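No hydrogens, no waters, no symmetry mates; every other heavy atom, side chains included, goes into these values. The shown structure was predicted, so the numbers you read here are calculated from the model rather than taken from an experiment.
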Number of protein chains: 2
Amino acid sequence: MDKNLKRMATMQRMQVTGLELFYKNGYYNTSVDDILKELSLSKGAFYYHFDSKEDFFIQIIENLLVRKVYSMLIEPIEGRDNPLELITNCFENALETAVHNELDFGFVLNNFITEFNGRNERIMKHLNDILKIWEVNLVSAIQKGKFNGHIDRHVDAEGVALFLMSSYLGIRTLMAESSPSSRKYRFMSQLRQYFKALEIKQSTF
Amino acid sequence: MDKNLKRMATMQRMQVTGLELFYKNGYYNTSVDDILKELSLSKGAFYYHFDSKEDFFIQIIENLLVRKVYSMLIEPIEGRDNPLELITNCFENALETAVHNELDFGFVLNNFITEFNGRNERIMKHLNDILKIWEVNLVSAIQKGKFNGHIDRHVDAEGVALFLMSSYLGIRTLMAESSPSSRKYRFMSQLRQYFKALEIKQSTF
DNA sequence: TTTGTATAAGACCTAACAGTCTGTTTTAAC
DNA sequence: GTTAAAACAGACTGTTAGGTCTTATACAAA
């Protein structure tokens, strides 16, 4: 068991810095040696623990990405309160970490999806699973809001979820490009505008 | 002059298939040889016309990308009509070409920005220029709409432009991933919802 | 202390890629 | 038809990358 612990620890170390570098330079633009150099480890160590670079990456998705997306983008919107408020706060927080150049896993997702789309089906399958989970949870949050009287009942929950995911992925691309802080602010204002159109009123369809 | 024409023609051929492959497989994942093989041309031909792969790519941006973005995303929103309608139609058309798997240059932009962000400043500069042009034109269209009474005067034009760009880049990522047609439909519905919140009324702020 | 296994080191292999260089063909001018 | 420059062919180089293989060390059990 002690052995197993040590094994897990080094694998974890590799995965964490692996994700960092993959995020910073892209998957195809990051070599296994780059990661090993960062950790002062050797090829032998790497291929002792992992079958291939691709396998390594998939384990990163399963062990790090999935959980982080859960804690940053899914758990915060679970609850009985007004989902529009929950989502607003959730995005606010996620984008705030993004402003400070920390790993924001919504963006990591966007990066990787763009990189692997149409190029690596196996990896895309795993990334799509994460997106799907996010989507499902957004939809159910919105439906809950319709049921609880926070959201107009004519609203298309799937549509709203899609729109939210779209705008989030997009703003992260644009925030990475320049003036993240002011863009975050502007984005959040517009998100609130959009949410107004979803609140209960007669004219909404 | 005749010579110059032939020169331009082969350069054009190279650029067109270059863009296609760069779009499909990514820049770093497409070799110069891949492009040449597609055209049955040789290294000699390539490096006779271009200084380097990077140079080649920048010429593609300037000659193909910029113009296409103009014709697809900018010119359609120039005019005296209601900008919200113009933008709706513009997005509708752009996303429709996207559904049919043609090159949609808004998405190309998103792909490349993601690929080069923080990795190649020189190329990013050129891509950012295109984004900036798009943004500026969106902003001025919206301001025109405020002036002409189509849009509430309290609306933040820069914010709306940013939100539109975000959502567009994002939906293109998601459309590339799966069920583009239905996603396009859902997205456009929500866009119209959002636009409702921007139309003239007292409660809007 | 010995022994066996888990963990790691690093030399090595092969493929791919950006870019160079020398030589050949095509083309236009005279 | 000769000539010179433009346009292209393709072998070659230096480097980098993913992955393999043999060997060395750490460490627990006996």
Side-chain angles (χ1 to χ4, degrees), chain A residues 1-61 63 112 115-116 119-123, chain B residues 1-61 63 112 115-116 119-123:
Chain A
M1 268 303 171
D2 255 352
K3 279 185 191 175
N4 216 345
L5 265 182
K6 191 195 176 185
R7 178 184 174 81
M8 301 281 274
T10 51
M11 285 176 84
Q12 182 84 0
R13 277 179 67 219
M14 287 182 184
Q15 289 173 16
V16 169
T17 61
L19 178 56
E20 263 171 39
L21 292 185
F22 285 144
Y23 166 71
K24 248 172 48 184
N25 311 316
Y27 176 81
Y28 291 112
N29 221 20
T30 302
S31 70
V32 172
D33 281 319
D34 289 341
I35 299 163
L36 294 170
K37 199 176 174 187
E38 191 83 11
L39 293 164
S40 301
L41 283 173
S42 68
K43 276 267 171 71
F46 184 85
Y47 283 96
Y48 176 75
H49 290 292
F50 303 99
D51 288 344
S52 67
K53 187 187 177 186
E54 187 173 312
D55 232 75
F56 175 59
F57 187 72
I58 290 178
Q59 290 207 34
I60 288 180
I61 298 178
N63 290 327
F112 291 147
E115 186 165 9
F116 291 112
R119 289 158 210 165
N120 189 318
E121 254 189 75
R122 187 161 165 243
I123 291 183
Chain B
M1 266 300 171
D2 255 350
K3 279 186 189 174
N4 217 344
L5 264 181
K6 191 195 177 187
R7 179 184 172 80
M8 301 281 274
T10 51
M11 286 176 83
Q12 182 82 1
R13 277 179 66 219
M14 287 182 183
Q15 289 174 16
V16 169
T17 62
L19 178 57
E20 263 171 38
L21 293 185
F22 285 144
Y23 165 71
K24 246 171 53 184
N25 310 316
Y27 175 82
Y28 291 113
N29 221 20
T30 302
S31 68
V32 172
D33 281 319
D34 289 341
I35 299 163
L36 295 171
K37 199 176 172 186
E38 192 84 10
L39 293 165
S40 302
L41 282 174
S42 68
K43 276 268 170 71
F46 184 85
Y47 284 97
Y48 175 75
H49 290 293
F50 303 99
D51 289 344
S52 67
K53 187 187 178 186
E54 187 173 313
D55 232 76
F56 175 60
F57 187 72
I58 289 178
Q59 291 205 34
I60 288 179
I61 298 177
N63 290 326
F112 290 146
E115 188 166 8
F116 291 111
R119 288 157 211 167
N120 187 318
E121 252 188 77
R122 187 161 164 243
I123 291 183

Please give, in whole Å, the distance from D:dA7 P to B:Met8 CE?
12 Å
With rounding to the nearest 0.5 angstrom, report the NZ to CD1 distance, B:Lys53 to B:Ile58.
13.0 Å
If you look only at distance, which donor and acceptor atoms sit under 3.5 Å apart when one is on a side chain in residues 14-27 of chain B and the other is two or more places apart or in another chain?
residue, atom, partner, partner atom, Å
B:Gln15, OE1, B:Asn63, ND2, 3.2
B:Thr17, OG1, B:Arg13, O, 3.3
B:Thr17, OG1, B:Met14, O, 3.4
B:Tyr27, OH, B:Glu54, N, 3.3

For residues 25-37 of chain B, which residues have at least one heavy atom under 4.0 Å from DNA chain D?
none
Strictly below 4.0 Å, heavy-atom distances to any atom of DNA chain C: list the hits from residues 53-60 of chain B, or just say none.
B:Lys53
Under the side chain to side chain donor-acceptor pair (under 3.5 Å) test, which residues partner B:Ser31, sequence neighbours left out?
B:Asp34
Contact under 4.0 Å: A:Arg7 side-chain N or O vs C:dA6 OP1/OP2:
no
Can you tell me how far P of C:dA6 sits from CE of A:Met11, to the nearest Å?
14 Å
In whole angstrom, give the distance that lies between atom NE2 of B:His49 and atom C1' of D:dA9.
13 Å
Between A:Ser52 and D:dG18, is there a side-chain N or O to OP1/OP2 distance below 4.0 Å?
no
What distance do A:Thr10 atom OG1 and A:Leu39 atom CG have between them, rounded to the nearest 0.5 Å?
10.0 Å
By salt bridge (charged side-chain N to carboxylate O under 4.0 Å, His left out), which residues pair with B:Asp33, not counting sequence neighbours?
B:Lys43
Minimum side-chain heavy-atom gap B:Ile123-B:Phe112 below 4.5 Å
no
Using the test ring pair (Phe, Tyr, Trp, His ring centres under 6.0 Å), find all partners of B:Phe50 that sit at least two apart in sequence or belong to another chain.
B:Phe46, B:Phe56
Which distance, rounded to the nearest 0.5 Å, do you find between the CD1 of B:Ile35 and the NZ of B:Lys37?
13.0 Å
If you look at every heavy atom in A:Tyr48 and A:Arg7, which pair is closest and at what distance?
CE2-NH1, 3.7 Å
Set of side-chain contact (heavy atoms from CB on, under 4.5 Å) partners for B:Asp55, sequence neighbours left out
B:Asp51, B:Ser52, B:Gln59, B:Arg122
Please list, by residue number, the residues of residues 39-47 of chain A whose heavy atoms come closer than 4.0 Å to an atom of DNA chain D; answer none if no residue qualifies.
A:Lys43, A:Tyr47
Rounded to the Å, how far apart are B:Tyr48 OH and C:dT20 P?
16 Å
